[in-house]
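First comes the structure, then the notes that go with it.
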Amino acid sequence: NKRLSVAIDGPAAAGKSTVAKQVAKEFSYIYIDTGAMYRALTLKAIQSGADPENEKDLMELLQEMEISLVPSGTQQLVLVNGEDVSEAIRTSAVTDHVSAVSMHGRVRAEMVKRQQEMASSGGVVMDGRDIGTHVLPHADVKVFLLASVEERAKRRHEENLSRGYESDLSLLEKDIARRDKLDSEREISPLRKAEDAVEIDTTSLSIEDVVVRIKQLMEERL
Ligand code: C5P
């Protein structure tokens, strides 16, 4: 059987990782969360007092970082030089600064290089903002997930509450809208639907509906 590469892009909290993980599991493919890599660098920058605007400092940090994405049950652990940062990269401090860190051209070039290496043997489901447009321009299946800001904030809110985290719905809406704007207006590989990506508006769809649709698209390419 052919081992496909699948690119899943879309705005913040559109359900990309939930859906990507499930699809990867059903095909026994590797799941690669590229947002986690930008988050890991952002965490490192915060911890070391580096300015998220300073590309040179960020690059020095990144050169010293080995970022590994390790499957663990249905989840994925994010390790930086062997240290588990899976939880630490989800804090609001990281979320607040990650779009600034991921604007820089050299940072993106290095991340894209690492992501392409991880995907080189196929059998991958990769999610992010620029996968279909830059990281895997020849992906077998490209999906662009969309949902209204209200719906995305509501889902993230419910997810936070179910995990026992504090959560503020109107703050989430503002944060999601702000990140969408920064990510789609940045100069280098902004958030865009690739020409040949299939757009799926998930506002009124369940996770299962979206997974089924992506699996259909994959079957057509096998
Ligand atoms: O996917 P997630 O919301 O965790 O991504 C965090 C941030 O990382 C995004 O808001 C975006 O600024 C950046 N990112 C990116 N390119 C990717 C994945 C994430 O610029 N491929």
Side-chain angles (χ1 to χ4, degrees), residues 5-21 24 31-46 52-53 55 58-59 62 65 67 69 75-78 80 85-119 124-137 139 142-147 149 152-153 155-157 159-160 163 165 171-194 197 202:
S5 52
V6 181
I8 302 185
D9 289 300
K16 299 183 297 291
S17 72
T18 309
V19 164
K21 262 181 228 161
Y31 163 58
I32 301 170
D33 174 359
T34 63
M37 299 172 68
Y38 291 97
R39 287 174 177 274
L41 175 58
T42 306
L43 175 68
K44 206 35 146 208
I46 294 171
E53 307 290 331
E55 182 173 46
L58 293 173
M59 282 309 290
L62 183 56
M65 292 169 69
I67 307 174
L69 306 174
Q75 296 304 309
Q76 178 161 86
L77 297 182
V78 183
V80 173
V85 297
S86 318
E87 294 269 326
I89 61 169
R90 305 289 161 194
T91 60
S92 54
V94 170
T95 304
D96 284 349
H97 293 102
V98 65
S99 293
V101 166
S102 60
M103 275 179 29
H104 303 286
R106 285 169 62 209
V107 168
R108 300 202 68 82
E110 173 64 22
M111 293 294 196
V112 168
K113 187 181 118 212
R114 294 186 188 195
Q115 291 154 6
Q116 288 173 338
E117 279 165 14
M118 292 177 184
V124 292
V125 183
M126 191 177 272
D127 81 9
R129 304 293 187 288
D130 61 339
I131 311 306
T133 52
H134 287 90
V135 182
L136 303 176
K142 296 184 186 179
V143 172
F144 196 81
L145 292 187
L146 278 175
V149 173
R152 287 182 281 138
R155 289 179 192 165
R156 188 50 58 90
H157 184 59
E159 181 188 329
N160 286 344
R163 291 185 179 179
Y165 297 162
L171 218 63
L172 279 171
E173 276 188 24
K174 280 198 200 99
D175 165 62
I176 288 172
R178 182 186 68 90
R179 270 205 295 150
D180 285 356
K181 186 167 155 61
L182 289 172
D183 292 343
S184 39
E185 290 179 358
R186 73 174 171 232
E187 210 164 307
I188 302 152
S189 43
L191 169 65
R192 286 263 187 294
K193 177 184 152 330
T202 72

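Note that ligands are numbered from 1 as they come in the structure, with each ligand's atoms numbered from 1 the same way.
Heavy atoms of Arg108 approach ligand 1 to within less than 4.0 angstrom. Not close to ligand 1: Met103, with no non-hydrogen atom less than 4.0 angstrom away.
For atom 13 (C) of ligand 1, the nearest non-hydrogen atom of the protein is Ser102 OG, 3.5 Å. The shortest contact between atom 19 (C) of ligand 1 and any protein heavy atom is with Gly35 CA, 3.5 Å. Counting protein heavy atoms only, atom 18 (C) of ligand 1 is closest to Thr34 OG1, 3.3 Å. From the protein, the heavy atom lying nearest to atom 21 (N) of ligand 1 is Asp130 OD1, 2.8 Å. With respect to atom 6 (C) of ligand 1, the closest heavy atom belonging to the protein is Arg179 NH1, 3.5 Å. When hydrogens are left out, the protein atom nearest atom 8 (O) of ligand 1 is Val98 CG2, 3.6 Å; that is the closest non-hydrogen contact.
In Arg39, the part holding a heavy atom less than 4.0 Å from any atom of ligand 1 is the side chain. Of the heavy atoms in Ser99, both backbone and side-chain atoms come closer than 4.0 Å to ligand 1. Contact annotation for Arg129 and ligand 1: heavy atoms of both the backbone and the side chain come within less than 4.0 Å of the ligand. At a heavy-atom cutoff of 4.0 Å, ligand 1 is contacted by no atom of Gln115, backbone or side chain.
With sequence neighbours excluded, no residue forms a salt bridge (charged side-chain N to carboxylate O under 4.0 Å, His left out) with Arg39.
Using modelled atom types, no side-chain atom of Asp127 and backbone atom of Ile8 make a donor-acceptor pair closer than 3.5 Å. At least one donor-acceptor pair under 3.5 Å links the side chain of Gln116 to the backbone N or O of Val135. Side-chain atoms of Lys16 come within 3.5 Å of backbone N or O of Gly10 as a donor-acceptor pair.
Among the atoms of Asp127, none of the N or O lies under 3.5 angstrom from an N or O of ligand 1. Geometrically, ligand 1 and Asp33 share no nitrogen or oxygen pair separated by less than 3.5 Å.
Listed by atom number, the atoms of ligand 1 under 4.0 Å from Asp183 heavy atoms are 9 (C), 10 (O), 11 (C), 12 (O).
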